[in-house]
Protein chains: 2
Amino acid sequence: MTAFYETYPRFLVSVDCIIFGFAEGKLKLLIQERPYEPEKGMLSLIGGFVKNDESVDTAAQRVLTQFTGLKDLYMRQLRAFGEVERDKGERVISVAYYALINVGDYNSNQSDSHGAYWTEINELPELCFDHNQMVKEALKELQKSVFEKEICNNLLPEFFTLSKLQTLHEAILGLPVDKRNFRRSILDRNYIIKTDKIDKTSSRRGASLYKFKD
Amino acid sequence: MTAFYETYPRFLVSVDCIIFGFAEGKLKLLIQERPYEPEKGMLSLIGGFVKNDESVDTAAQRVLTQFTGLKDLYMRQLRAFGEVERDKGERVISVAYYALINVGDYNSNQSDSHGAYWTEINELPELCFDHNQMVKEALKELQKSVFEKEICNNLLPEFFTLSKLQTLHEAILGLPVDKRNFRRSILDRNYIIKTDKIDKTSSRRGASLYKFKD
DNA sequence: TCAAAAGTGTTAAGTTTACACCCATGA
DNA sequence: TCATGGGTGTAAACTTAACACTTTTGA
């Protein structure tokens, strides 16, 4: 403990998680009703406070596990939000993270979720504080990195068709994508491979299942 | 003040500023000797602690002004650094910002600087804590955005030659750049314009001075 | 007159976009 | 047999990269 530091104020630090999922061909966001004042009952991102013995990243992972029942979710830090009045209760500095979840894994662990539920990203209700702004910025980051291996890999199940992957890209970008160009582009990147499995659930003909390498 | 929040710990929150400048054809970084324990005398980024009545962004601006004498420096948040042991003194969560400075403006305000000085980015000494990591990440962001109007605009004086601008790009990217391609590319972007001024200081022939639009 | 930096175009390679039809299957 | 989603190639437009010589002028 260093005397010099003593003269400075201390702050509550929270983590807020923008949890993206992909289901029914749409990009989804996991939200909840705020369980405590202020703005109790208002919709909010999944969040919590940083504890003494954990890094901010670890706090985000802990919160993610608490709310989804899943460990080691893929996440990236967005940035810190530090306006004085951002939290209506008292001064809280928040570090926002976005996380990606395979909704299939989530559904089998739902019981652990603290009343959280999925909303469509395009029909996002008003959230408390600056949470809508966080979502907006996180979505922009997601769009920038849609072709990075880790992104779609963590939103899809192990095996998926090219059509599913294309639909996911379209859901993230909010734009239609050309089928032939998309297939060429994704295969050229060389991080997914065709398996010998066939998915017959979404067409009579059946579609090859692919998976991410490694 | 909400009772619920009371149960959570509070943290010192600092801002650390990666201050880039451009002089003698090189990209520079403003650093200082740490004026207090722990690691007093070790080299460090320019930083300070967030106060109660200011946002984290405002804290960064305050620190920038304290150390450079300049107001409203252009800055962007990098991200929060929140490892438990990152500060050897006690737990401090830091929000890193990178800022851009026209070294000409700085030199006329030097008197205000608290013993800070410029180092070349390529000859960066070891800094305390995780500051080298912060610089590395900030430089990567700077490289990504080198063609955004605000970047070079804030590192150069009002009037500059295309050669100076090219040298700045090269200094940021750490790579040589093709002269003809560079000139076409920058002029096509349409955010700089030729003035009728001529700079005769760096060649016998003289070079046209340009400036950023608006 | 010459050294030193300023200024200037073209071609090839690579990337991105636009676009339409046949295939396999189960109902 | 037909409706449905799966699968496939090519040409044009655009962008990026490679590359060398002439101009101006002060010392």
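Quick note on labels: first sequence line is chain A, next is B, and so on, each numbered from 1. Only heavy atoms go into these numbers, but all of them, side chains included; no hydrogens, no water, no symmetry mates.
In this structure, B/F147 places its CZ atom 14 Å from P of D/dT15, rounding to the nearest Å. Rounded to an integer number of Å, the gap from CG of B/L165 to P of C/dG7 is 12 Å. One interatomic measurement links the two molecules: OH of B/Y210 to C1' of C/dA6, which rounds to 10 Å at whole-angstrom precision. Rounded to an integer number of Å, the gap from CD of B/E170 to P of C/dA5 is 14 Å. For A/D188 and D/dG9, the CG to C1' distance is 13 Å, given to the nearest whole Å. One interatomic measurement links the two molecules: CG of A/D199 to P of D/dT4, which rounds to 18 Å at whole-angstrom precision. One interatomic measurement links the two molecules: CZ of B/R183 to C1' of C/dG9, which rounds to 14 Å at whole-angstrom precision.
If you check the side chains of A/T58 and A/R62, you find no donor sitting under 3.5 Å from an acceptor.
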Next item on the list: Could you encode protein contacts along nucleotides 10-21 of chain C as a string, one character per nucleotide from 5' to 3', using B for base contact, S for sugar-phosphate-only contact and - for no contact, with a heavy-atom cut-off of under 4.0 Å?
Entry: B------BBBB-
Nucleotide N/O of nucleotides 22-25 of chain D paired with protein N/O under 3.5 Å:
from: D/dT23; atom 1: O2; to: B/R205; atom 2: NH1; distance (Å): 2.3

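A/S163 has a side-chain polar atom (N or O) that falls below the 4.0 Å cut-off from OP1 or OP2 of D/dG6. A close approach under 4.0 Å does occur between a side-chain nitrogen or oxygen of B/S208 and OP1 or OP2 of C/dG7.
Across the helix from C/dT1-D/dA27 to C/dA27-D/dT1, the helix axis at one end is tilted relative to the axis at the other end by 10° (nearest 10 degrees, each axis from five pairs).
No engagement by A/S185 is indicated, since no non-hydrogen atom pair under 4.0 Å with the nucleic acid exists.
Residues A/Y191 and A/Y210 place their aromatic rings such that the two centres sit no closer than 6.0 Å.
With B/Y106 as reference, B/W118 is the one residue of B/W118, B/F67, B/F20, B/F22 to meet the ring-ring contact (aromatic ring centres under 6.0 Å, His included) rule. Each of B/E141, B/E137, B/E148 was checked for a salt bridge (charged side-chain N to carboxylate O under 4.0 Å, His left out) with B/R76, and the lone residue meeting it is B/E148.
The structure places CG of B/L156 at 11.5 Å from CD1 of B/I151, a figure rounded to the nearest 0.5 Å. Taken to the nearest 0.5 Å, the CG atom of A/L73 stands 6.5 Å off from the OG1 atom of A/T65. Atom-to-atom distance recorded for B/E170:CD and B/F182:CZ is 8.0 Å, nearest 0.5 angstrom. Between the CE atom of B/M134 and the CZ atom of B/R79 there is a distance of 8.0 Å, given to the nearest 0.5 Å.
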Note to self: Determine whether A/T161 and A/D199 satisfy the following criterion, side chain to side chain donor-acceptor pair (under 3.5 Å), listing intermediate values before the conclusion.
What the structure shows: CA-CA 7 Å; A/T161 65; A/D199 171 83; 5.6 Å; no
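Annotation for A/K213: atom NZ counts as buried by contact number, over 12 foreign heavy atoms lying within 6.0 Å.
One finds no salt bridge joining A/K149 and A/D214 here, because no Lys/Arg side-chain nitrogen approaches an Asp/Glu carboxylate oxygen to under 4.0 Å.
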